[in-house]
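Below is one structure, written out as structure tokens, with a few remarks after it.
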Amino acid sequence: MQLGLIGLGRMGFNMRERLRAAGHEVIGYDHHPDVTDVSSLSELVEKLAAPRVVWIMVPVQYTEPTIDELANLLSPGDIVIDGGNSRFSNDRPRAERLATKGLGYLDVGVSGGVWGRTNGYALMVGGDKKHVEHCMPIFQGLKPEGEFGFAHAGPVGAGHYAKMVHNGIEYGMMHAYAEGYELLEASEYVENIPEVFKSWRAGSVVQSWLLDLMDRALDEDPNLDGLRGYADDTGEGRWTVEEAIRLAVPMNVIAASLFARFASRQDDSPAMKAVAALRNQFGGHAVKKG
Ligand SMILES: O=C(CO)[C@H](O)[C@H](O)COP(=O)(O)O
């Protein structure tokens, strides 16, 4: 099947390779001239036969302008796919806008990171059944082999919603390994932390791909000396917690792991200064001066 793919960064580049290896014809567009197949969006659209399928895989802040530009070039019957980590609430208005031009829309949550090229990508799709069925050969080419790794999660918005929850879980799982790591490091009992992580990779209840990656990181840098304890976020954890608040869903673990990232960005915590000041005020407890 033919596919237009916009955005050939870490994700899009590897997706193009995986799809080509699966026998699909992928025409990629990126503003970096060394990776792009065409020099403009209009050239991309010209090279695709109707009905076209165009997959957008750009950083989230460029998604909307890219869709707007693309929508003016496409023809009724074409389908736009957003595979980035867009907020689910943008999907329905976007689909409605595209529908006025006769364009279909699918939102696809894509998980697999830079390993997806070889391992395949888990795909969570939102949109109409007829659009999903049309794009199924592409999804088959991207997903891992075997029974798992694909869901038509529901109507438009469901794919990004599922990916948001996936990423919220990712935050919580990573943070559980991270806290375990810190306790092992603090303790005088365990001498070989990388070996302990390795021992959990088979037979254990806490096996996972994230654990495998933690083991790999410790192989590269056994005490993580080369890193600062600083973690960014790109929004999905915040949206997950916002949804938990909207729906009154208890979300202790994921919320705590999100807030831990915020704490990681502080050199000195104003809140903990306030705690120290209050302990000093009410109990005369010692403080450390800045
Ligand atoms: O979707 C992903 C993994 O599944 C991306 O790597 C995403 O950037 C991770 O979220 P965050 O940047 O907030 O940690």
Side-chain angles (χ1 to χ4, degrees), residues 5-18 30 55-64 66 81-91 106-126 139 142-144 148-151 153 157-179 181-182 207-217 220 224 227-245 251-266:
L5 181 57
I6 301 172
L8 301 168
R10 280 194 304 259
M11 290 295 283
F13 182 90
N14 286 321
M15 287 166 63
R16 177 174 66 177
E17 297 310 300
R18 184 171 176 86
D30 193 278
W55 187 308
I56 298 170
M57 209 63 204
V58 299
V60 72
Q61 64 273 28
Y62 302 119
T63 306
E64 215 65 63
T66 305
I81 299 177
D82 174 19
N85 278 342
S86 297
R87 202 182 196 286
F88 66 94
S89 52
N90 294 331
D91 288 316
L106 294 174
D107 55 289
V108 181
V110 181
S111 179
V114 290
W115 298 76
R117 178 174 169 178
T118 39
N119 296 350
Y121 301 87
L123 304 172
M124 296 137 265
V125 182
F139 299 142
L142 287 171
K143 72 178 271 307
F148 303 120
F150 177 85
H160 282 143
Y161 200 99
K163 180 64 176 11
M164 174 191 78
V165 174
H166 165 284
N167 279 28
I169 293 169
E170 181 181 292
Y171 276 50
M173 285 178 68
M174 283 196 286
H175 205 69
Y177 290 124
E179 287 185 354
Y181 170 77
E182 183 167 349
Q207 292 170 79
S208 77
W209 189 51
L210 285 170
L211 176 71
D212 298 348
L213 295 177
M214 183 68 196
D215 176 36
R216 188 184 152 93
E220 286 170 9
L224 303 181
L227 298 173
R228 272 192 56 209
Y230 177 103
D232 261 322
D233 73 294
T234 44
E236 302 241 349
R238 299 179 194 217
W239 306 334
T240 309
V241 173
E242 282 168 20
E243 274 297 278
I245 292 167
M251 188 153 283
N252 306 293
V253 171
I254 294 173
S257 61
L258 172 67
F259 293 160
R261 292 198 191 189
F262 298 162
S264 82
R265 298 169 207 165
Q266 297 177 317

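Both counts, for ligands and for their atoms, begin at 1 and track the order of listing.
Side chains of Y161 and E243: a donor-acceptor N/O pair is present below 3.5 angstrom, by distance only. At a cut-off of 3.5 Å, with distance as the only test, no side-chain donor of S86 or N90 sits close to an acceptor on the other residue.
Using bins of under 30°, 30° to 60° and over 60° for the plane-to-plane angle, the ring pair W209/W115 lands in the perpendicular bin.
When all heavy atoms of M11 and V110 are compared, the closest pair comes out as CE-CG1, 3.7 Å.
Within 6.0 Å of the CZ atom in F148, the count of heavy atoms belonging to other residues, nucleotides or ligands does not exceed 12.
Closer than 4.0 angstrom to ligand 1 lie heavy atoms from N85, K163, H166, N167, E170, Y171, D233, T234, R261.
We find that D233 and R265 are joined by a salt bridge, their nearest charged nitrogen and carboxylate oxygen being less than 4.0 Å apart.
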